[in-house]
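Here the structure is a predicted model, which is why all the values come from computation and not from measurement.
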Amino acid sequence: YQGNSAVDEGILEELLYAGEHGDYLPKREILFGRQENAQINIAIIPVLLAGLIDGVNPCAFATMIFFISWIALRGGSRKGIVIAGTGFITGVFIAYLIIGLGFFAVFEAAQDLSLLRQVIRYLFSSVSLVLSILSFRDAYLIWKSKEAGVMRLQLSSSLKKRIHRVIRNSDMHRGPLLLFTALLVTGLIIALLELACTGQIYFPTIAYMVQSSSHTGALFWLILYNIAFILPLLLLFTVALSGVSHTRISSWFNRHVVKGKLATGGLFLLLALVIWTGG
């Protein structure tokens, strides 16, 4: 048993078992910072779902499509394209992980203060409920108008232009190391600019993580979230590398954006429930 929480949660059961059987409990695994039987902790499922849905939300997905189209127009070798895409996605992953750790630390510190703990609980459950309603409304508006531009929950035009400008200013014609570094930095910057939209899912999920995981499990939970977040981007990039044009990818995205919005609305509703009841 390592750490106060592990000792607190496991020592009584361990002593009772030893008193009855004269031996240690069967071997256990440390999962998510807690003593668990060797089985999946279902509390992680909303985190993985949130990461996946966040990865396919219009903000992240549309930016990736623009990035792919920019690469296609600039040309370059296949190796250069792989390096650029890997650097970009790595930058996004690092930025979101650092941001997540920072907010996890802030929310966890608030848990020690009863008033702030309740504020976070009610605030993020209420915000999640509102975002759920707005997401379902977006799905209806898109379905009715057949256009994704009518969405309310999306990046502003000024932020979109700034993101496009940052991507355009990247230089594809560099050596491998410089190219990877340049696109990694680009990914970091884009992740920060997109946070106004993707943070709508990320921050309530972090609030849920604080309620459901221990401090020692925070990094593991956040890594899982961010792996799930970049999986759709990696899949999209792989599809583009296989020869599928960015216009065809964009067309597919527009056809399924209503489903994405419905999934996002369902996720926000789930987060609202689990955060509200987890306090």
Side-chain angles (χ1 to χ4, degrees), residues 47-48 50-104 154-155 158-202 205-206 219-250 252-253:
V47 174
L48 294 173
L52 285 171
I53 293 174
D54 203 8
V56 296
N57 77 51
C59 309
F61 220 67
T63 298
M64 194 63 186
I65 291 173
F66 180 82
F67 175 69
I68 290 171
S69 65
W70 171 80
I71 289 179
L73 291 173
R74 294 300 295 269
S77 65
R78 186 178 181 84
K79 179 181 177 182
I81 294 174
V82 171
I83 292 172
T86 303
F88 182 83
I89 294 173
T90 301
V92 171
F93 178 85
I94 292 173
Y96 273 91
L97 183 59
I98 293 173
I99 292 167
L101 286 171
F103 276 91
F104 192 100
Q154 61 174 323
L155 289 171
S158 60
L159 268 179
K160 288 179 183 177
K161 291 177 181 177
R162 188 175 301 178
I163 288 172
H164 293 173
R165 187 163 57 246
V166 170
I167 293 175
R168 287 195 192 102
N169 289 337
S170 301
D171 187 1
M172 279 286 292
H173 303 289
R174 302 187 184 195
L177 182 58
L178 285 176
L179 178 61
F180 179 86
T181 303
L183 269 298
L184 186 146
V185 173
T186 299
L188 289 170
I189 296 171
I190 296 302
L192 293 174
L193 293 175
E194 282 185 340
L195 200 62
C197 184
T198 55
Q200 295 166 3
I201 294 178
Y202 200 15
T205 306
I206 293 173
L219 180 60
F220 185 64
W221 284 58
L222 285 166
I223 288 174
L224 283 180
Y225 178 95
N226 285 282
I227 288 174
F229 176 76
I230 65 169
L231 275 178
L233 304 183
L234 285 170
L235 179 61
L236 179 61
F237 188 63
T238 302
V239 168
L241 278 176
S242 69
V244 179
S245 68
H246 64 276
T247 54
R248 187 175 175 185
I249 294 172
S250 180
W252 179 91
F253 169 72

Distance (rounded to the nearest 0.5 Å) between [X] [atom1] and [Y] [atom2]:
X: Leu195; Y: Ile190; atom1: CG; atom2: CD1; value: 12.5 Å
X: Ile163; Y: Arg168; atom1: CD1; atom2: CZ; value: 11.5 Å
X: Ile189; Y: Arg165; atom1: CD1; atom2: CZ; value: 11.5 Å
X: Thr186; Y: Trp70; atom1: OG1; atom2: CH2; value: 7.0 Å
X: Phe220; Y: Ile223; atom1: CZ; atom2: CD1; value: 8.0 Å
X: Ile53; Y: Thr198; atom1: CD1; atom2: OG1; value: 14.0 Å

Exercise. Of Ile89, Thr90, Leu97, which is the lone residue that meets side chain to side chain contact (heavy atoms under 4.5 Å, CB included) with Phe93?
Worked result: Leu97
Exercise. Does the side chain of Thr205 reach to within under 4.5 Å of the side chain of Asp54, using non-hydrogen atoms?
Worked result: no
Problem set entry | Thr63 side chain reached by Ile167 side chain, heavy atoms, under 4.5 Å | yes
Exercise. Got a sec, which residues hit side chain to side chain contact (heavy atoms under 4.5 Å, CB included) with Leu192, two or more places apart in sequence or on another chain?
Worked result: Ile99
Please set out all donor-acceptor pairs under 3.5 angstrom arising from side-chain atoms of residues 235-244, sequence neighbours excluded.
unit_1, atom_1, unit_2, atom_2, d
Thr238, OG1, Leu234, O, 2.8
Ser242, OG, Val239, O, 2.5

Problem set entry | Candidate list Phe104, Phe229, Tyr225, test ring pair (Phe, Tyr, Trp, His ring centres under 6.0 Å), partner Tyr96, passing option | Phe229
Residue pair [X] / [Y]: nearest heavy atoms and the distance that separates them:
X: Phe88; Y: Met64; answer: CE2-SD, 3.8 Å
X: Leu52; Y: Pro232; answer: O-CG, 3.8 Å
X: Thr86; Y: Val82; answer: OG1-O, 2.7 Å
X: Gly55; Y: Ala60; answer: O-CB, 4.0 Å
X: Ile65; Y: Ser250; answer: CD1-CA, 3.9 Å

Exercise. Between Leu222 and Tyr202, is a side chain to side chain contact (heavy atoms under 4.5 Å, CB included) present by the stated rule, with each step listed?
Worked result: CA-CA 10 Å; Leu222 285 166; Tyr202 200 15; 3.8 Å; yes
Exercise. Is a donor on one side and an acceptor on the other found under 3.5 Å between the side chain of Ser69 and the backbone of Phe66?
Worked result: yes
